[in-house]
Amino acid sequence: MTSSHTDPIALVKACYAAYVSKDRAAIEALLADDFHFTSPLDNRLDRAAYFARCWPNSENTEGFDYVHLVQDGPRVFITYEGRVKGGHRFRNTEILTTRDGKIAEAEVYFGWSLPHEAKAGGFVDKAG
């Protein structure tokens, strides 16, 4: 049986749980010293910049519902629906790379707000 320290999926779930519980000490213990974070707005932030820029979002985080959670070796591919204060919901996908029982790399791909802004079968016209 794999322990939570080496099981990439358990490690990733613990990271999201730390956001919900606002437990900075817990998430600090889960991220590698050389952790990097990339998103459409952030290009390979180091650990210190991640905590300065991203961790404050935990204050508004209410929960995550996992849609897809797939492990491929040291990587975990996760699509989730996030919930924040005020009722806003959104969907994102992330690729988290683990190493030695820690999260070493996070790539975030922003999704959309829930419910989707476009009607089923339609699209959002940003040109008009």
Side-chain angles (χ1 to χ4, degrees):
M1 184 170 166
T2 306
S3 77
S4 63
H5 295 290
T6 59
D7 175 20
I9 288 181
L11 182 60
V12 166
K13 285 182 174 183
C15 180
Y16 290 98
Y19 258 83
V20 174
S21 66
K22 289 101 177 91
D23 189 344
R24 180 160 173 166
I27 197 167
E28 284 190 19
L30 299 171
L31 301 183
D33 290 341
D34 62 344
F35 171 80
H36 285 94
F37 176 87
T38 302
S39 80
L41 303 176
D42 309 285
N43 188 2
R44 209 162 151 69
L45 300 181
D46 65 15
R47 182 183 160 105
Y50 168 80
F51 278 111
R53 179 165 164 79
C54 303
W55 178 250
N57 292 323
S58 69
E59 285 304 314
N60 293 319
T61 302
E62 290 189 343
F64 297 97
D65 299 317
Y66 306 129
V67 177
H68 304 289
L69 189 58
V70 179
Q71 180 182 343
D72 179 28
R75 288 182 194 83
V76 175
F77 296 77
I78 181 169
T79 299
Y80 59 80
E81 293 181 358
R83 299 182 313 278
V84 296
K85 290 179 183 173
H88 180 72
R89 294 175 46 232
F90 60 95
R91 182 181 277 209
N92 285 349
T93 294
E94 301 189 11
I95 302 170
L96 300 164
T97 303
T98 65
R99 182 183 67 240
D100 300 326
K102 305 254 183 178
I103 297 172
E105 188 88 28
E107 295 178 28
V108 177
Y109 300 90
F110 298 150
W112 51 83
S113 293
L114 297 171
H116 201 293
E117 188 177 342
K119 293 181 181 178
F123 58 90
V124 176
D125 184 3
K126 295 288 185 184

Side-chain heavy atoms nearer than 4.5 Å, only ILVMFWY residues, links allowed to pass through others: does that put [X] and [Y] together?
{"X": "Val108", "Y": "Phe90", "value": "yes"}
{"X": "Val70", "Y": "Tyr16", "value": "no"}
{"X": "Phe123", "Y": "Leu114", "value": "no"}
{"X": "Leu69", "Y": "Tyr19", "value": "yes"}
{"X": "Val20", "Y": "Trp55", "value": "yes"}

Please report the shortest heavy-atom distance between [X] and [Y], naming the atom on each side.
{"X": "Arg47", "Y": "Asp33", "value": "CD-O, 3.9 Å"}
{"X": "Cys15", "Y": "Ile103", "value": "CB-CD1, 3.7 Å"}
{"X": "Lys22", "Y": "Ser58", "value": "NZ-O, 2.8 Å"}
{"X": "Pro8", "Y": "Gly73", "value": "CG-O, 3.9 Å"}

Drop me the distance from [X]'s [atom1] to [Y]'s [atom2], to the nearest 0.5 angstrom.
{"X": "Asn92", "Y": "Trp112", "atom1": "CG", "atom2": "CH2", "answer": "9.5 Å"}
{"X": "Asp65", "Y": "Arg91", "atom1": "CG", "atom2": "CZ", "answer": "10.0 Å"}
{"X": "Glu105", "Y": "Leu31", "atom1": "CD", "atom2": "CG", "answer": "11.5 Å"}
{"X": "Leu96", "Y": "Ile9", "atom1": "CG", "atom2": "CD1", "answer": "11.0 Å"}
{"X": "Thr61", "Y": "Asn57", "atom1": "OG1", "atom2": "CG", "answer": "6.0 Å"}
{"X": "Glu107", "Y": "Arg44", "atom1": "CD", "atom2": "CZ", "answer": "9.5 Å"}

Salt-bridge present (Arg99, Asp34; N to O < 4.0 Å): yes
Determine the interplanar angle of the Tyr50 and Phe37 rings, folded into 0 to 90°, and report it as parallel if under 30°, tilted if 30 to 60°, perpendicular if over 60°. tilted
Step by step, work out the side-chain contact (heavy atoms from CB on, under 4.5 Å) result for Ile95 and Val76. CA-CA 6 Å; Ile95 302 170; Val76 175; over 6 Å; no
Return yes if some donor-acceptor pair links the side-chain N/O of Ser39 with the main-chain N/O of Asp42 below 3.5 Å, else return no. yes
So, does Lys102 use its side chain to make a donor-acceptor pair with the main chain of Leu11 at under 3.5 Å? no
Going by the side chain to side chain donor-acceptor pair (under 3.5 Å) test, which pairs reach into residues 66-77, not counting sequence neighbours? none
Would Leu45 and Arg53 count as a side-chain contact (heavy atoms from CB on, under 4.5 Å) here? Give the steps. CA-CA 9 Å; Leu45 300 181; Arg53 179 165 164 79; 3.9 Å; yes
Assess Arg24 against Phe51: is NZ or CZ under 6.0 Å from the centre of the six-membered ring, and within 45 degrees of the ring's axis? yes
Test Thr93 against Ile78 for side-chain contact (heavy atoms from CB on, under 4.5 Å), laying out the working first. CA-CA 6 Å; Thr93 294; Ile78 181 169; over 6 Å; no
Can you list the steps and then say if Tyr80 with Glu94 is a side-chain contact (heavy atoms from CB on, under 4.5 Å)? CA-CA 9 Å; Tyr80 59 80; Glu94 301 189 11; 2.6 Å; yes
